[in-house]
Chemist: 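First the structure, which I've put down as structure tokens, then a few questions once you've had a look.
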Amino acid sequence: MRLTAVLALIVLGVALVPIAVEAAVVPFSASGADAAAIQATVDTFRGAIGGANNGVGGSFTTGRREINWDGVPANFSSPNAFPPDFFNVNSPRGVVFSTPGSGFQVSGTPPEFGNLNATYPDQFTTFSAPKLFTAIGSTITDVNFFIPGTTIPATTRAFGAVFTDVDSATSSSIAAFDANGGLLGTFSVPAAAQGLSFLGLVVDGSTPSIGRVRITSGNAAPGPNDAPPGTDVAVMDDFIYGEPTTTVPEPTTLFLLGSALVGLGGRRLAQAVRALRRR
């Protein structure tokens, strides 16, 4: 191989070695008695994502998706179970849910999960009436991202959720993870007893970095026996998140590739130098 070609290979390898830059996650949060109290922060969060609400289906390079639960049909609303892949199959928006509990419900009849506890309609309020969302048998909801309508894993640059009846500033949170499962940060949801709270996370940068979020809603799962002191049952309303896009190689992968090319180029350079000396 000519020396110039070897040098070009080395330059390519060096170019593929990225500068290590850690993703910064910027939180947006607000709480108050009603929807008006958090609306401005929700709108600011939407603006930070940028672009349009892309609705259902398709795949886009910019914009966001929103879920307000209100279009979920009666056969998938409480007291019936809610399919965890509904918003990637029935109404494709690129998210699939999972929980260590027994499943999920979207409030139906009676409203605001009165089927789980008769006191809930007096405790829970809505950001976009009438329906709410909760895990059953757990406080944990994991959200995984996909190219809408496919099984192709994706990442997003932002995720936010509205919560209702968060009594304690330490009971509810959103943890964001990268495409390799690395924790980007865990952020607390502000309290608003019998009111509404919003927490949104935006990755500071243009590259989508969030591969999964884990939502903790309260410190006790919804149900008939949640009266002990210190129990905080919280459920959720709207989800807003950046358009799920195809996962790109993580910096570690690029570093290994670049290092391999540099190593290859170094060996070939040494061989070329020895050959020149023998001439």
Side-chain angles (χ1 to χ4, degrees), residues 29-39 41-42 66-84 86-87 90-91 93 95 97-143 159-169 171-174 188-200 215-241:
S29 64
S31 60
D34 53 26
I38 66 171
Q39 186 67 61
T41 301
V42 172
E66 300 197 10
I67 296 172
N68 61 21
W69 313 107
D70 303 323
V72 174
N75 60 313
F76 291 146
S77 300
S78 63
N80 302 309
F82 174 75
F86 181 90
F87 284 108
N90 305 68
S91 180
R93 303 181 203 189
V95 290
F97 308 120
S98 61
T99 179
S102 58
F104 299 98
Q105 282 191 19
V106 170
S107 61
T109 304
E112 293 153 359
F113 298 117
N115 59 302
L116 300 176
N117 189 310
T119 69
Y120 287 166
D122 294 328
Q123 296 182 44
F124 299 150
T125 187
T126 59
F127 180 71
S128 58
K131 295 190 174 186
L132 299 169
F133 171 74
T134 189
I136 300 297
S138 176
T139 63
I140 301 296
T141 297
D142 285 318
V143 184
F159 180 86
V162 175
F163 298 74
T164 180
D165 195 29
V166 176
D167 297 332
S168 168
S171 71
S172 300
S173 64
I174 299 178
S188 296
V189 177
Q194 297 187 354
L196 294 172
S197 306
F198 174 75
L199 176 62
I215 303 170
T216 302
S217 50
N219 60 20
N225 302 311
D226 65 358
T231 299
D232 185 7
V233 174
V235 299
M236 294 161 280
D237 205 334
D238 292 26
F239 285 5
I240 304 168
Y241 50 97

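Since the structure is predicted, the reported quantities are computational estimates derived from the model, not experimental observations.
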Chemist: Restricting to pairs with a member in residues 100-110, which pass side-chain hydrogen bond (donor to acceptor under 3.5 Å, both in side chains), not counting sequence neighbours?
Modeler: Gln105-Asn115
Chemist: CD/Glu112 to CG/Asp165 distance, rounded to the nearest 0.5 angstrom?
Modeler: 11.0 Å
Chemist: Please check: side-chain N/O of Ser78 versus main-chain N/O of Gly108, any donor-acceptor pairing under 3.5 Å?
Modeler: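 Side chain of Ser78 to backbone of Gly108: a pair is present.
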Chemist: Of all heavy-atom pairs between Thr134 and Pro222, which one has the smallest distance, and what is that distance?
Modeler: OG1-CG, 3.3 Å
Chemist: What heavy-atom pair brings Ala169 and Ser188 nearest, and what distance separates the two atoms?
Modeler: O-CB, 3.6 Å
Chemist: Can you tell me if Asn219 uses its side chain to pair, donor with acceptor, with the backbone of Asp232 under 3.5 Å?
Modeler: yes
Chemist: Judged by atom type as modelled, is there a donor-acceptor pair below 3.5 Å linking the side chain of Asp237 to the main-chain atoms of Leu132?
Modeler: no
Chemist: Would you find a donor on one side and an acceptor on the other, under 3.5 Å apart, between the side chain of Tyr241 and the backbone of Ala161?
Modeler: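 No, because the side chain of Tyr241 does not come within donor-acceptor range (under 3.5 Å) of the backbone of Ala161.
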Chemist: Taking all heavy atoms of Val233 and all of Ala221, pick out the closest pair and write down the distance.
Modeler: CG2-O, 4.1 Å
Chemist: When the ring centroid of Phe239 is compared with that of Phe159, is the distance short of 6.0 Å?
Modeler: yes
Chemist: Between CZ of Phe104 and CE of Met236, what distance do you get to the nearest 0.5 Å?
Modeler: 8.0 Å
Chemist: Can you tell me if Thr139 uses its side chain to pair, donor with acceptor, with the backbone of Thr216 under 3.5 Å?
Modeler: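 Such a contact is absent between Thr139 side chain and Thr216 backbone.
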Chemist: Can you classify the ring geometry of Trp69 versus Phe82 as parallel (below 30°), tilted (30 to 60°) or perpendicular (above 60°)?
Modeler: perpendicular
Chemist: Would you confirm whether Ser197, through its side chain, and Phe163, through its main-chain N or O, come within 3.5 Å as a donor-acceptor pair?
Modeler: no
Chemist: Report yes or no: do Asn68 and Ser128 form a side-chain donor-acceptor pair below 3.5 Å?
Modeler: no
Chemist: Grab the two heavy atoms, one from Asp167 and one from Thr231, that are nearest each other, plus how far apart they are.
Modeler: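 Looking at all heavy atoms of both residues, the shortest contact is OD2-O, 4.1 Å.
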